[in-house]
Each structure stands twice: as C-alpha cells, then as structure tokens.
Number of protein chains: 2
Amino acid sequence: MGKVTIKDVAKKANVSVTTVSNVINNSGRTSPDTIRKVKQVIEELQFSPSASARNLRDKSSHLIAVVVPFLEKGRLQDNPFYWQLVLGIEEGARNHQFHVILLGVDEEENFSFVSERHLDGLIVVGTFEGTPILKQIQALDVPCVFMDSYMSEFNLYQVLLDDEMGGYLGTKHLIGLGHQRIALLSGKLQQNGVNYKRWLGYRRALEEAGLPYDPELVREEPVSTAGGYQASQYITDPRMNITAVFVFSDVGAMGLIKGLHELGVHVPRDISIVGFDDLFYTDYMIPSLTTVNQDVIERGNIAVRLLLDQIVGESRDDARKVVLPVSLKVRKSTGPAPNVQSAP
Amino acid sequence: MGKVTIKDVAKKANVSVTTVSNVINNSGRTSPDTIRKVKQVIEELQFSPSASARNLRDKSSHLIAVVVPFLEKGRLQDNPFYWQLVLGIEEGARNHQFHVILLGVDEEENFSFVSERHLDGLIVVGTFEGTPILKQIQALDVPCVFMDSYMSEFNLYQVLLDDEMGGYLGTKHLIGLGHQRIALLSGKLQQNGVNYKRWLGYRRALEEAGLPYDPELVREEPVSTAGGYQASQYITDPRMNITAVFVFSDVGAMGLIKGLHELGVHVPRDISIVGFDDLFYTDYMIPSLTTVNQDVIERGNIAVRLLLDQIVGESRDDARKVVLPVSLKVRKSTGPAPNVQSAP
DNA sequence: CTGAAAGCGCTTACAG
DNA sequence: CTGAAAGCGCTTACAG
C-alpha cells in the first residue's frame, strides 16, 4: 500500500499538487471550496507530508539535538537531574513542533551529523570551557544554547541559575543557625563557572556576617554520590571544627550524609548539611535535605525558547542569558550549631 | 558559504556525481586512484552527504524514536530509572549509526510523525496493555520494541526482566530471615504484567516455604515515592502483624522507609524492606536498601539490537522476547524477623 | 484562484 | 571503470 504522497491527494481531489501544497501550508490563495475538498481527501487518504522531502527543500529539519558530553564517566548516568532537564527540553520542543534527538558525545566525536541532518539547533548540556567538544560546536555555526555548563564567553546563549544567590542563601541559612565553620564541597571552582558563582555567594554571606573566610574549608573534588561519601573523613577531622557543610549537589549531599552516618555523626545534631538542586527524592531522605531549589523542567522549557528565538531569527541580543531564580527549601538536615545549642 | 554538495565534490575531483556516490557508499567498481582522489576532495571540502536527500530516496531515516507515554502524571519524571534506560538506548543506537528521537506522548497523540519522518523503528517505554496509544502504535506497522511495559500479546518484541525470579528471590531472602507476614507494595497486578510476574514469584517462594498466602498483605496502589510513604500507615497496622515489606520499586521503598521512620518504626529491626531496581542511590540510603538488581543500561542496548534486527530484516522469530536475569543485592534494610531475634 | 515546472541532494539502474 | 539521467516528495516562484 506504500506511502501516500501529495500526488495521490492531488489526483483524487482533481487539483494540482501546487494547490494541495498551498492548502497544507495555507499559503497562496485558494477558494474555500477547494480547501474543503482537499482537506477531506487528505483526511480520507491519511496523508501526511514527508519530512525528508521538506527538509531537502527547506534546509531545515525541525529537529534539534540535546548534546550530552560524556566527559567524566558516570557523571551523567548518576544524576537524575539530567532526566528532568531532558524532559523539560522535550516538552518545550514538542510545544513548538520540533523533535529532539538525544545524543551522547565523547571527546573524539565529530559533529558532521549536524549538517548531515540539517539540525536546526543544539542544546548542549553539562560541558566545560576549553574542551575540544566545545570548540567543535562553536565552529559549527549553528544556533546553540548551553545548559548546566561552564562558559564565561559572554556572547553565548545560556540558561543559568542564580548560582550566586543559591550559594548566598544556603550559607546565610547556616550562619543564621549559629554555624561559623562552614565547609564547602564545591566541585571544581572554575572562573565564572557555576560552582565559582556559588562560592562567591558563600563568601558574600560570610563577609556580611563578619565571619572569616578559610580556604581550608573548601574542597574542590568533584561531587558525586561517592565523592560526598568519601568527604565524610575530611569533614569530621577534629582539627577542622566543622559544624556545617554546604554541598553543591544533592547527590553529593546524600553521599556525605551516608558517610557521616557510618562514622556515627548525627545530622543535623552534630553537623548540618545543605544540598543543591532539590531532586525529587530529597524530601524522602533521612533526614530530609535542606537544599537550594531550582525548577529544572522550566529550565528545559526556557532553553528551547532561547534556541527557537535564534532559529526563527528573532534574536533579541539583550537576552542571551536567562538567569532563573533559586529558593531555599529548609528541611531537617540543618539545625542549630552545637555550641549554640548548649549555650543557654 | 552554503552547504557543499556532492556536485561540488564531483566538479573539483573531475568525476561524475555517480562516481562520488559510489566512493562514499563503496558500491560499484571504482579504480583505486579515483577513490583516493575523491576521498581527498571530500576531505578538503569537508563534505558530508545530506541525510534528507538520502532519506527521501531510501525511505529510511536511520532514526528511531523512544516513545515515553505520559500516562500517570509524574510517573516518569520521578524515576531516574528512565534516564538510565534512555542512555542505554542512545548508546546502543549510536553504535549502529542510528540517532534517537526522544518523544513524550499523551493519550491524544497521533503518530503521524512516524511516517512523516520515515522513522525506522520505535522503542516504547512504560506503557500498558489496552491503552489507546498502544492501539495506535500497533496500527502503524513499524518495527517496535516494548520496554518496561505490560504486554501479554506474545508476538510483540520485548525486553523483559526475569520478574518472576526477582519476586521469588526477594521473598525467599525475607523468609530465610524468619519473616512470615510479608507485605507486598506491588502496584497494579495486571495479568501477565511485570508486577503480576513478580507476584507469582512471591507466591512461589511462600508456597515453597509452606507459608500461607494472604491477599490482605498485597497492596496494588501504584508505587511512587509518595505512594510508598503513605503506605507506612497500613504497614504498621498492628492487626496485620507485618514484619517485612517487598516494594516493587526502589523509589517506593524509599518513601516507605521515610514514612516508617516518622512513625518511629526502625528498619530493619522492626520491619525489613526489599526494593526493586537497584537505583544508583540505594547504596547511599539509610539504611542501605536490599533490592533486586537489574542492568538498565544493558536493557537499553538490547532493546536497540532487537529493534535493529527487525529493521535490517533479520527477524529471528525465536527471540521476540529477551529476558534479562536479575540478582538480589543484600544490604542493610533487611534483617531477622523480630520474633526470631528474640527467640534464643 | 489554479497549475506546469524547476529544483532541493542524493542513489541507482542503465548504457557505454 | 565511468557517466547521463530519472526519480524520491515536496515547495515556490512564475505565468495565466
């Protein structure tokens, strides 16, 4: 029975393919009667136009790709954060009649698929400045939006979080509870990177409270579940006098709490913990996790909008970066600093 | 500078487009010299053939879609399980030069995009028997593989888990610890569905141990994080005498443990919990979760292979269903039944 | 308001 | 071993 084409429709409706095409795209001038007839035949024949043929003509595919670089093994597998991000992107794209290709790439990837498939745009998730992948992407000259990435170049399109504020809020919360020795599990502090911004917020909160900044309290090891777990050793070093830890990811915070638990350290009685992301399960951790909330799905939606702005050509140069607000979700993993508690 | 086409290559290499095409697809007979020359020009011009043009000719897109039905709100957002599944699929597809479109669909979706884009195949994740979506997909007549779905029709391609064994292993483990009143948070027990199979395993283990089957112990409410949490009420009903719970998802188990914790019930001292999936974070829960392990990434890989078998036409009818093994990961959420413990 | 025709970039018989 | 030509299914000037 083979695919039905525009020709079949034209024949059955007794019109030209031009007219059928016009009806489909409601372009040109067509009489209401003809439109009705053609539409009916389209319905009868269950005709739907071939995307390949259109792409070939239009040099556009209505296809965007979510590019997920596999930089560190396991980094992406581990974090459910990305699933939500991708769902948000898919949702946004669908609302605009775009489809999204999901693509894992490694260092040696060549991006020929972009021109081969006439991709209309790319959303790049979780990459770093200065990686070969980034250079390749930039050479591509295709609309692009970066998410959860570490880009300082100011002319790139990005959907960001108010990371500085996140760092500030979490730290301020802890200070308000009387904590003075607040450790940071920050991940790599790359200039202008996400973690760097959060770190700035941390410093601002300290300064505002008149507390000294001690670089010894900051750990730049990458924060995965396992990383957080291992950090428990360092955190409980008695010479450090740490009473609170701000971990820049919820998965890291979960690992840390587990590690502390095994060392017999009670959260929050002995040590308070703040996370970052507000993953779906943080409310179900024991204790439930105080963390910095972000709307991940919304982020995905906005990334698509930003990409489509470029594709459709309405590049509003004033809004290359969209910064989303954060808020602090206070739960049970934070409490008064031990010395304060025993004061009265 | 516009896209470079096969014509440009032909001209620069002083050959016909036919020859260039032959070199690209190494079809036909071409002299080694010509091949070398053409390849060099391709390199120089950075030529990569247009997928749209190819698709138009070949009626094939080298594109498959992962279809994710939004049946219950939140069901998919919640479970990081799907992220791993999709990563496995992507990885498998990439290894075979296919790209994958990620697509959320709701009840009213029409699947015209399949023919429009000449999709080569579909992987359908997490759907149920008898849904309108399923009917539509089956009417499509496109290669298809179902995952994490509830299909009894025996002629469908599916990647399954040895669910019966999973149910058996978890239950047997609990029985071995002296538990006799073992509750099930099973989700819907649809005939031949995933949960049904697990339930069969549960029954087999009971029978083998000479324990009675009590339908009152089985709860069919859907098991999400919140669902597990709420179930804590029922589980602790003193009339039930429950000392262990088998939850058919890790997210549900997490919710339940949280709920029990808030009721002052200690896991595993008072109640033992077994989960299902072995999500990445189960080792970091407090207590760490005893659960049924499955290799999700591998499942994705196999789904792609099964799909490609159909697409390439090597349908080996003997293997429409691939059943993957499960194993039990014993951790700290299970322990001796209270009465046994106090026996000696 | 409607239609004939060119062209998008490929591949594949077919001829030589 | 190589090339001219048809055709995949659309859309868009262009002419009427």
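Letters A, B, ... are given to chains in the order of the sequence lines, protein chains preceding strands, and every chain is numbered from 1.
Residues A/Asn110 and A/Ser112 have side chains that bring a donor and an acceptor to within less than 3.5 angstrom of each other.
If you check every strand for non-hydrogen atoms under 4.0 Å, B/Thr30 touches sugar and phosphate atoms only. As judged by a 4.0 angstrom heavy-atom cut-off over every strand, B/Ser31 is placed among residues touching the sugar-phosphate backbone only.
We find that CG of B/Asn14 is positioned 12 Å from P of D/dT2, with the value rounded to whole Å. The distance between atom CG of A/Asn22 and atom P of C/dC1, rounded to the nearest whole Å, is 12 Å. The interatomic distance linking B/Asn25 (CG) with C/dG9 (P) rounds to 17 Å, in whole Å.
The side chain of A/Ser21 places an N or O atom within less than 4.0 Å of a non-bridging phosphate oxygen (OP1 or OP2) of D/dT11. Contact check, B/Ser16 against D/dA4: no side-chain N or O comes under 4.0 Å of OP1 or OP2.
Enclosure of atom CG in B/Asp106 by more than 12 non-hydrogen atoms of other residues, nucleotides or ligands within 6.0 angstrom is indicated.
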Quiz prompt | Criterion side-chain hydrogen bond (donor to acceptor under 3.5 Å, both in side chains) on B/Ser16 and B/Thr19, from CA distance to verdict | solution = CA-CA 5 Å; B/Ser16 71; B/Thr19 298; 3.3 Å; yes
Quiz item: For B/Glu43 and B/Lys39, what are the C-alpha separation, side-chain angles and deciding distance, and is it a salt bridge (Lys or Arg N to Asp or Glu O under 4.0 Å)?
Solution: CA-CA 6 Å; B/Glu43 191 66 32; B/Lys39 284 198 166 163; over 6 Å; no
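In this structure, A/Arg36 pairs ionically with A/Asp33, as a charged nitrogen and a carboxylate oxygen lie closer than 4.0 Å.
The minimum heavy-atom distance linking B/Phe47 with B/Ile6 is given by the pair CE1-N, 3.5 Å.
Considering only side-chain atoms of A/Ile6, the nucleotide from D/dT11, D/dT12, D/dA4 that sits closest is D/dT11. Side-chain proximity of B/Thr18 to the nucleotides C/dC10, C/dT2, C/dA13 is greatest for C/dA13. Closest approach to the A/Lys7 side chain among C/dA4, D/dC8, D/dA5 is made by D/dC8 (side chain taken as heavy atoms from C-beta onward).
Shown for residues 32-62 of chain A: residues whose heavy atoms fall under 4.0 angstrom of DNA chain C, namely A/Thr34, A/Leu56, A/Arg57, A/Lys59.
A donor-acceptor contact shorter than 3.5 Å links the side chain of A/Arg320 to the backbone of A/Asn155.
Across every strand in view, C/dT2 sits in a pair with D/dA15 that passes the Watson-Crick or G-U test at under 3.5 angstrom.
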